[in-house]
**Student:** 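Below is a structure I'd like to ask you about.
Just so it is clear, the model here is predicted, and its values are computed rather than measured. A, B, ... follow the sequence lines: proteins, then strands. Residue 1 opens every chain.
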Protein chains: 2
Amino acid sequence: MKWDTLDEEPCSLSRTVAVVGDRWTLLILRECFLRVRRFEGFQSSLQITRHLLSERLKKLVRFGILRRVPYSEAPKRYEYILTQKGLDLYPIIMAMVHWGDAHMGDERGRPLLHEHKTCGKQFDPVMVCSECGEVLHAKQVHVHPGPGRKEAVAG
Amino acid sequence: MKWDTLDEEPCSLSRTVAVVGDRWTLLILRECFLRVRRFEGFQSSLQITRHLLSERLKKLVRFGILRRVPYSEAPKRYEYILTQKGLDLYPIIMAMVHWGDAHMGDERGRPLLHEHKTCGKQFDPVMVCSECGEVLHAKQVHVHPGPGRKEAVAG
DNA sequence: TTTGACAGTTCTATTTTAGAACTATAGCCT
DNA sequence: AGGCTATAGTTCTAAAATAGAACTGTCAAA
């Protein structure tokens, strides 16, 4: 596969995989959602090699997921802030956290609990239909080719 | 990082990344949701090398995402079917498809449209709070360490 | 008996990643 | 001034993963 053009495939899943589909990127984004913003912060909490961290941050900036914002002039220093495009990855992260909670847990219980400030309760993320609000299940979804494609390819 | 023990980290995101966090696995799962079940089917639609496909299918079976079910006795042939654990990955896939639709599109429009059989409408997947039903946003979620962890690490 | 379908395995070459050391700028301390 | 520390990288070699192609084994159909 040509990973360098995966983001141009006529499949929205492929395009997303082109951005977050490697071993480190999702873990870096997890740190972003936990308010980590600086090179040393990512490096020390993830134990990622400095070389790869540098590469991944560049890639995320290139894709418009992070913004590189100066926070010191001399010496020039930058921090990495989620853009709106980056913030919109939240449902992906939460879906993955929830699946991990449900299916990869051990006897110790969940590593983290999530509280919804709006209602004050501990919750789980649930995926629903934008039109009727019902919980979504794979078997209730029918896929049609859209204008960006002839034959169906992605789920 | 020790990728071989990532599934035991005290972080549900890491544990999920251990399973689906590589270049091919999500694309293989996409095919599964499109009803592809056989080795040659995956290989021809993905153009993945046979070696890697074989490895990834084994890994997915080992993690209980796919079941290897015989469909022919002589010669012995198997197909790969999503388990419930695998079907539960659907929200992750849909969240990724939706993000791709929203942020990685081109002038041709969406590659695929999704129809919810339950209500008959074309829809987008939306992530909501299991308790109050409101749409979830990162800034409205507070993270607490749970029983499986001392200090907070994941979003 | 030969061909073809299917589900892999094995091999070498290339690319990616790990791990450690090195560079560069500047503030602070003595 | 001289040395220490903090930050944000870059550069190097070794190890691991992936690509690409060829090969194996089983059986059915021609």
**Student:** What is the distance, to the nearest angstrom, from the CH2 atom on Trp3(B) to the C1' atom on dA16(D)?
**Tutor:** 13 Å

**Student:** So which nucleotide from dT18(D), dC27(D), dA26(C) ends up closest to the side chain of Pro75(B)?
**Tutor:** dC27(D)

**Student:** State whether Arg15(A) and Asp7(A) are salt-bridged, where the test is any N-O pair (Lys NZ or Arg NE/NH1/NH2 against Asp/Glu carboxylate O) under 4.0 Å.
**Tutor:** no

**Student:** Rounded to the nearest Å, what distance is computed from the OH atom of residue Tyr78(B) to the C1' atom of nucleotide dA7(C)?
**Tutor:** 11 Å

**Student:** Please report, rounded to the nearest Å, how far the P atom of dA17(D) is from the CH2 atom of Trp24(A).
**Tutor:** 14 Å

**Student:** His51(B) has a side chain; which of dT7(D), dT10(C), dT10(D) sits nearest to it?
**Tutor:** dT10(C)

**Student:** Can you label the angle between the Tyr90(B) ring and the Phe33(B) ring as parallel, tilted or perpendicular, going by 30° and 60°?
**Tutor:** tilted

**Student:** Which nucleotide sits closest to the side chain of Arg23(A): dT18(D), dC27(D), dC6(C)?
**Tutor:** dT18(D)

**Student:** With a 3.5 Å cut-off and just heavy-atom distances, do the side chain of Arg50(A) and the base of dA8(D) make a donor-acceptor pair?
**Tutor:** yes

**Student:** Under a 4.0 Å N-O cut-off, is there an ion pair linking Arg50(A) with Glu40(A)?
**Tutor:** yes

**Student:** To the nearest Å, how far apart are Glu55(B) CD and dA16(D) C1'?
**Tutor:** 12 Å

**Student:** I need the Phe123(A) CZ to Thr118(A) OG1 distance, nearest 0.5 Å.
**Tutor:** 9.0 Å

**Student:** Say whether, by atom type as modelled, one donor and one acceptor occur between the side chain of Ser14(B) and the main chain of Glu9(B) under 3.5 angstrom.
**Tutor:** no

**Student:** In whole angstrom, what separates Asp4(B)'s CG from dA18(C)'s C1'?
**Tutor:** 13 Å

**Student:** Counting heavy atoms from C-beta on, name the nucleotide in dA19(D), dT10(D), dG8(C) closest to the side chain of Tyr80(B).
**Tutor:** dG8(C)

**Student:** Indicate the ring-plane relationship of His142(A) and His144(A), choosing parallel, tilted or perpendicular according to the 30° and 60° boundaries.
**Tutor:** perpendicular

**Student:** Atom CG of Leu53(A) and atom C1' of dT11(D): how far apart are they, to the nearest Å?
**Tutor:** 16 Å

**Student:** Both Ser54(A) and Leu52(B) contact DNA chain D. Which one's nearest nucleotide lies toward the 5' end?
**Tutor:** Ser54(A)

**Student:** What residues from residues 57-73 of chain A pass a heavy-atom cutoff of under 4.0 Å to DNA chain D?
**Tutor:** Lys58(A), Arg68(A), Tyr71(A)

**Student:** Can you measure Phe39(B) atom CZ to dA7(C) atom P for me and round it to whole angstrom units?
**Tutor:** 8 Å

**Student:** Out of dG8(C), dC27(D), dA6(D), which nucleotide sits closest to the side chain of Arg77(A)?
**Tutor:** dA6(D)

**Student:** Please check if any side-chain donor atom of Gln122(B) sits under 3.5 Å from a side-chain acceptor atom of His114(B), or the reverse.
**Tutor:** no

**Student:** From the set dA19(D), dA8(D), dA18(C), return the single nucleotide nearest to any side-chain atom of Glu40(A).
**Tutor:** dA8(D)

**Student:** Specify the separation, in whole Å, of atom CD of Gln43(A) and atom C1' of dA18(C).
**Tutor:** 12 Å

